[in-house]
Amino acid sequence: MKINLEKAVRLQTFKGWGTSACWWAQSVSDEKTQKELAELLYGDGGLKLNIYRYNIGAGFDEELNRVENPWRKTESFMLYDRETEERSWDFSRDKNAVSVMKKCLDTGNVDTLILFCNSPHYSLCASGQASGSLLPHTCNLPKMNYKKFVGYVLDVTQHFLDEGFPVNYISPINEPQWKWGGAHVWQEGCHYELCEVIEIYRLFAEEILRRKMPVFLYGPESGAMLEDTPDYLKALTEDELIMKVLPVFAYHSYHADERPEDRYEFKEKLVKPHPELRFDMSEWCELPNMSHTKNFKGALITARIIGQDIVYGGAESWTTWVAANNIHIKEDGFDYSDAILSGNVDFTEWTVNERFYGVAHYTKHIPVGSVPLDFGFRPSIDNNDFNVFAFETPSGEKVLVCVNEGAENEIEICGDYNTTSIIMSTQDVKEETVFEGKFKSKINVPENSIITVTVKE
């Protein structure tokens, strides 16, 4: 493959990389481990992420709760007495997650802090649970509690602001189109119809403006790039009040791992007609997850999706679903955690997964302010094994990330450069510098490998 970077089209300015603290951070009680994880994820010696998503917990009633996994429910700052129906605050709760967030902020690299909700507080929900309505595809938040939900989220936000946390965005709704609830529940979640999404966002906009809070709305965290997502975008952008405080349209790129065409369509139909908006890909993990944590295939898939979401889908930031998930051993004896790290229930044991390196090949070399470059290559459903993504950094370096899920291949970089560095990861080696020296135009890309190539003039 010949690549002419000088003739490439410059695309959007990239805003950065992130992950979510949901739900692992609440399980990390050891301060030494908290510091290690903060450095690994956000420190200069780690992934150097800059976007942090903190989950405002919906809490749970021990008697009514149906979510068994402690990593799928969250302690809330709000206390509720069912007998008196009185609510009170205790901001000493969720202390582990708050402590982890502080340590990540202390790295100095976080410039975007997002508070998001999977569900309203359980006491505001029709079912009395934060895991969805008793009927699937039914909103669990009664209309009479809309304003109470707004107050709950903004009061928590104000607390964090008062404590010195630099909150930028509030994302009150997560994946509204999915059923949540019903006979089988597994985590916090709440379904919303389109009209309900808009009404709730309007109430948030009104109250943010009334309180003169220095925060913006974010979302609506649609669970797919297409399907219902164009309807959300249309309805939100047609509402003048909402648009006063909604500068970012956030979505998830699930369920399209083998369809690069979905990203072309998303960019043409949603991104290009709305230059006034920032488009953030705020959640992705491999679904269904077929890659165990020691299988480099997970890193390859992750790296492919990152590049395609940014270059072909127009994402201005890219955030993995969670930094860590709990260990999930299947019959073959392997751990099928879908995150970049995995740990046991109290995080006294944890590991770095192969998927970590699919992220590292981008985040360690492509800083905030970089610009993706379109040099004309287009993968397809039938030709998706070899992908190359190009970027220009703020300092003028050209960076290529090559993701090869097939047989050995080669790229040829056209142009006049002075130096080349090549870093490679495979099943057997991780982030190994395999070349550093004078400009090298022809570069071999081994089978089942990720290489990051940096060229300088």
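Note that the numbering runs from 1 along the sequence shown for the chain. Keep in mind that the numbers below use all heavy atoms, side chains included, and drop hydrogens, waters and symmetry copies.
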Does a side chain donor of either S127 or N140 reach within less than 3.5 Å of an acceptor in the other side chain? yes

Ring-face cation of R53 near F116 (centre distance under 6.0 Å, axis angle within 45°): yes

With no hydrogens and no angle check, just 3.5 Å: does a side-chain donor-acceptor pair link H328 and S337? no

Closer than 4.0 angstrom, basic N to acidic O: yes or no for K147 and E207? no

Can you label the angle between the H252 ring and the Y254 ring as parallel, tilted or perpendicular, going by 30° and 60°? perpendicular

Would you mind checking if R82 and E63 are paired as a salt bridge, meaning a charged N to carboxylate O distance below 4.0 Å? yes

Does a side-chain heavy-atom distance below 4.5 Å link Y201 with L236? yes

For the residue pair T454 and E397, confirm or rule out a side-chain donor-acceptor distance under 3.5 Å. no

Assess, by modelled atom type and distance only, whether the side chains of E392 and S370 contain a donor and an acceptor separated by less than 3.5 Å. no

Any non-hydrogen side-chain atom of T19 less than 4.5 Å from a side-chain atom of Y52? no

Could you check whether H159 and F91 have their ring centres less than 6.0 Å apart? yes

Q158 versus D162, side-chain donor and acceptor atoms under 3.5 Å: yes

Using a strict threshold of under 4.0 Å (side-chain N to carboxylate O), is an ion pair present between R202 and D239? yes

Is it true that, when you exclude E276 itself, more than 12 heavy atoms of the residues, nucleotides or ligands shown sit nearer than 6.0 Å to its CD? yes

Assert yes or no for the condition that the ring centre distance of W23 to W186 is strictly below 6.0 Å. no

Do the rings of F77 and Y54 sit parallel, tilted or perpendicular, given the 30° and 60° boundaries? parallel

Quick one: does F204's side chain get under 4.5 Å of L154's, heavy atoms only? yes

Can you confirm whether I51 sits close enough to I114 that some side-chain heavy atom of one is under 4.5 Å from a side-chain heavy atom of the other? yes

Any donor-acceptor pair under 3.5 Å linking the side-chain atoms of S92 with those of D90? yes

So, K32 and E36, do they make that salt bridge, N to O below 4.0 Å? yes

Run the salt-bridge test on E206 and R210 with the 4.0 Å N-O cut-off and return the result as yes or no. no

Ring of Y312, cation from R378 - is the NZ or CZ under 6.0 Å from the centre and inside 45° of the axis? no

Can you sort out the partners of E265 under side chain to side chain contact (heavy atoms under 4.5 Å, CB included), two or more places apart, ordered by chain and number? L226, K269

With a 3.5 Å cut-off and no angle check, do the side chains of Y218 and D280 form a donor-acceptor pair? yes

Side-chain donor-acceptor pair present, K103, S99, cut-off under 3.5 Å: yes

Show your reasoning for whether side-chain hydrogen bond (donor to acceptor under 3.5 Å, both in side chains) applies to N174 and E188. CA-CA 10 Å; N174 186 67; E188 300 173 320; over 6 Å; no

Can you label the angle between the F279 ring and the H274 ring as parallel, tilted or perpendicular, going by 30° and 60°? tilted

Would you call E405 and K297 a salt bridge, using N to O less than 4.0 angstrom? yes

Say whether S380 and E261, considering side chains only, have a donor N or O and an acceptor N or O under 3.5 Å apart. no

Any side-chain donor paired with an acceptor under 3.5 Å for Y357 and N353? no

Count the heavy atoms belonging to other residues, nucleotides or ligands that lie under 6.0 Å from NZ of K244, then report whether that count exceeds 12. no

We want to know whether R304 and N404 form a side-chain donor-acceptor pair, criterion being a heavy-atom distance below 3.5 angstrom. no

Using a distance-only test with no angle check, is there a side-chain donor-acceptor pair under 3.5 angstrom linking D257 and W284? yes

Using only heavy-atom distances, determine whether the side chains of T302 and E286 contain a donor-acceptor pair under 3.5 Å. no

Looking only at side chains, do D346 and S27 share a donor and an acceptor under 3.5 Å apart? no

Taking NZ, NE, NH1 and NH2 as the nitrogens, is one of them in E316 or R278 under 4.0 Å from a carboxylate oxygen of the other? no

Quick one: do the N326 and W71 side chains pair a donor with an acceptor below 3.5 Å? no

Tell me if the CZ atom of F216 is crowded by more than 12 foreign heavy atoms within 6.0 Å. no

Should V153 and D155 be marked as a side chain to side chain contact (heavy atoms under 4.5 Å, CB included) after you check the CA-CA gap, both sets of side-chain angles, and the distance that decides it? CA-CA 6 Å; V153 174; D155 286 349; over 6 Å; no

Under a plain distance cut-off of 3.5 Å, with no hydrogens placed, do S133 and H191 share a side-chain donor-acceptor pair? no

Looking only at the side chains, is there a donor atom on one of D111 and N109 sitting less than 3.5 Å from an acceptor on the other? no

Taking atom types as modelled, find out whether Q308 and N387 have a side-chain donor-acceptor pair closer than 3.5 angstrom. yes

